[in-house]
2 protein chains.
Amino acid sequence: MVTADVVLFTIEGQKLAVLLIKRKGKPFQGMWALPGGFIRMGEELGHAAIRELKEETGVGSVYLEQLYTFGGVKRDPRGRIVTIAYLALAPRHIMRLNASYDAVDVDIFPIDNLPPLAFDHKKIIEYALIRLRNKIQYTNVAWSLLPSVFSLGEIQKVYELIWGKHLDKRNFRKKIISLGILKKVSAVRSGLRQRPAQLFAFKTKKYTELRRFF
Amino acid sequence: MVTADVVLFTIEGQKLAVLLIKRKGKPFQGMWALPGGFIRMGEELGHAAIRELKEETGVGSVYLEQLYTFGGVKRDPRGRIVTIAYLALAPRHIMRLNASYDAVDVDIFPIDNLPPLAFDHKKIIEYALIRLRNKIQYTNVAWSLLPSVFSLGEIQKVYELIWGKHLDKRNFRKKIISLGILKKVSAVRSGLRQRPAQLFAFKTKKYTELRRFF
DNA sequence: ACAAAAGTGTTGAGAGTACACCCATGC
DNA sequence: GCATGGGTGTACTCTCAACACTTTTGT
């Protein structure tokens with residue numbers, strides 16, 4: 001028996017947050033858990049992950065990568081169930097939360113304030129967070145958490161939330177610009193009672209790895 | 001149906017090499033493949049990998065890490081079989097090759113001269129190689145390929161074989177020593193017709209990650 | 001005028017890279 | 001004496017980290 005579970009990170013309310021569902025079925029009925037389910041016959045592994053996400057969020061194209069396979073003999077009281085965990089990233093505004101047939105509720109929780117979780121899902125989320133913190137050092141995946149245009153302040157905030165620490169503004173800007181993966185767009189963000197910010201977009205949203213990123 | 005397959009790298013004949021078995025059973029009978037097999041009920045995933053390795057090499061304690069889970073619908077002609085691939089490392093001299101009940105032969109092949117392989121095992125080996133090349137940059141796993149004492153020339157050779165390129169001797173020595181993970185042993189390697197080499201051992205063989213290694 | 005985020009350069013320290021010669025031994 | 005790998009230091013470049021003030025807007 002093989003399942004796919006997905007750790008979908010997003011940014012909400014100035015926090016790094018994760019999507020959870022409240023389980024309708026047993027075991028752990030009524031408890032919060034990662035979205036996931038059995039892989040169907042003839043279904044590609046990654047497709048099962050996307051299918052589960054789409055049921056809960058309406059979103060079908062997000063950044064997705066295989067994280068790790070958890071197969072501890074005792075992780076599921078029903079018996080030996082192996083789960084292939086996926087890491088997903090999406091900007092908050094494209095999601096429409098909607099409890100599907102296997103959930104009574106869906107919500108997004110900041111990672112520093114998670115409810116009690118079913119199975120070994122807490123461990124899976126911790127593992128995903130480590131992967132994310134490393135991955136944004138040498139790839140451009142953090143773009144998956146941002147809208148298509150954004151200010152330098154906003155992208156810096158994403159890094160700060162993921163690493164949980166403050167970064168120097170001048171050094172951050174120097175580095176992110178020297179990478180050559182951003183382009184200015186002609187618009188600025190104004191209307192706030194502060195100096196308008198130059199907006200940027202990524203030259204490409206294709207996944208790229210870079211030698212020593214941050 | 002879930003299997004575990006193992007990519008065991010070692011150094012043999014001044015080459016980076018991988019352990020393969022010649023399959024006794026169908027499908028791909030008589031073809032070379034990675035050692036592996038079905039995970040038993042109630043068996044931990046990593047244990048299945050070690051069990052398979054032990055059958056073929058007699059070696060039970062080697063460096064082992066989960067690599068990736070391959071589940072392409074068409075990867076096995078018998079039907080949907082998901083395999084959890086493992087990366088293993090061991091020094092050549094501790095292995096005693098011995099074809100077990102599911103193999104008619106066992107051998108070690110240099111990675112630049114592999115025979116045709118069953119299933120998607122070529123892809124799995126390529127994936128493992130990428131992981132290994134990255135991993136030795138920021139961890140001490142390369143120690144798993146060396147005997148317990150070795151000269152600086154020998155450890156440099158391991159890095160060169162894995163990366164497939166020559167490294168500067170002085171810079172390599174400076175760095176590896178500055179990491180502070182090696183200790184001199186009192187012995188030297190002599191008896192060759194050349195200047196005797198100071199031998200070293202690792203202070204610890206415990207897996208450790210280091211910020212920017214090489 | 002004030003609050004709030006945007007924007008901008010320099011300096012010092014440490015790491016990385018390139019590079020060439022002598023040493024100890026066995027045959 | 002020669003072949004073989006062992007052993008050693010310096011100079012340059014580049015990257016990283018620390019650090020503070022002015023600008024533009026809305027209220």
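The structure presented is a predicted model; accordingly, all values stated were derived computationally and were not measured. Residue numbers start from 1 in every chain, and the chains themselves are labelled A, B, ... in the order their sequence lines are given, proteins ahead of strands.
- Map B:Ala197 and B:Asp168 each onto its nearest nucleotide of DNA chain D; the residue landing nearer the 5' end is B:Ala197.
- Among the heavy atoms of the strands, none lies under 4.0 Å from B:Leu152.
- Map A:Leu199 and B:Gln194 each onto its nearest nucleotide of DNA chain C; the residue landing nearer the 5' end is A:Leu199.
- The shortest non-hydrogen separation linking A:Phe9 to A:Ile125 is CZ-O, 4.2 Å.
- Using a 4.0 Å cut-off between charged nitrogen and carboxylate oxygen, B:Asp120 and B:Arg75 count as a salt-bridge pair.
- Using a 4.0 Å cut-off, no side-chain N or O of B:Lys175 falls inside it from OP1 or OP2 of C:dA15.
- The phosphate of D:dG5 (OP1 or OP2) has no side-chain N or O of B:Ser151 nearer than 4.0 angstrom.
- Taking atom CD of residue B:Gln198 and atom P of nucleotide D:dG5, one finds them 19 Å apart after rounding to whole Å.
- Atom NE2 of B:His166 is separated from atom P of C:dA18 by 11 Å (rounded to the nearest Å).
- If you take CZ of A:Arg173 and C1' of D:dA18, they are 17 Å apart, rounded to a whole angstrom.
- Atom CZ of B:Phe172 is separated from atom C1' of D:dG6 by 14 Å (rounded to the nearest Å).
- No salt bridge links B:Asp102 with B:Arg23; every basic N to acidic carboxylate O contact stays at or beyond 4.0 Å.
- Centroid-to-centroid, the aromatic rings of B:Trp32 and B:Phe109 come within less than 6.0 Å.
- The nucleotide whose nearest atom lies closest to any side-chain atom of A:Pro196 is, among C:dG7, D:dC19, D:dT24, D:dT24.
- Computed from coordinates, the A:Glu154 CD to C:dA4 P distance equals 18 Å when rounded to whole Å.
- Between the side chain of A:Lys174 and the base of C:dT10, a donor-acceptor pair under 3.5 Å is found.
- A residue-by-residue look at A:Gly191 and A:Lys169 shows that A:Lys169 has its nearest nucleotide of DNA chain D further toward the 5' end.
- Aromatic ring centres of B:Phe150 and B:Phe202 lie closer together than 6.0 Å.
- Going from atom CZ of B:Arg189 over to atom C1' of C:dG26 covers 16 Å, rounded to whole Å.
- For A:Arg193, taking side-chain heavy atoms from C-beta onward, the closest of the listed nucleotides D:dG6, D:dT27, C:dA6 is D:dT27.
- In this structure, B:Lys165 atom NZ and C:dT17 atom C1' are separated by 12 Å, rounded to whole Å.
- Residue A:Asn171 places its side chain closer to D:dC19 than to any other of D:dC19, D:dG6, D:dC16.
- Summarising the geometry, the separation between CZ on A:Arg195 and C1' on C:dG7 is reported as 5 Å, rounded to the nearest angstrom.
- At a cut-off of 3.5 angstrom, the base of C:dA20 holds at least one donor-acceptor pair with the side chain of B:Arg170.
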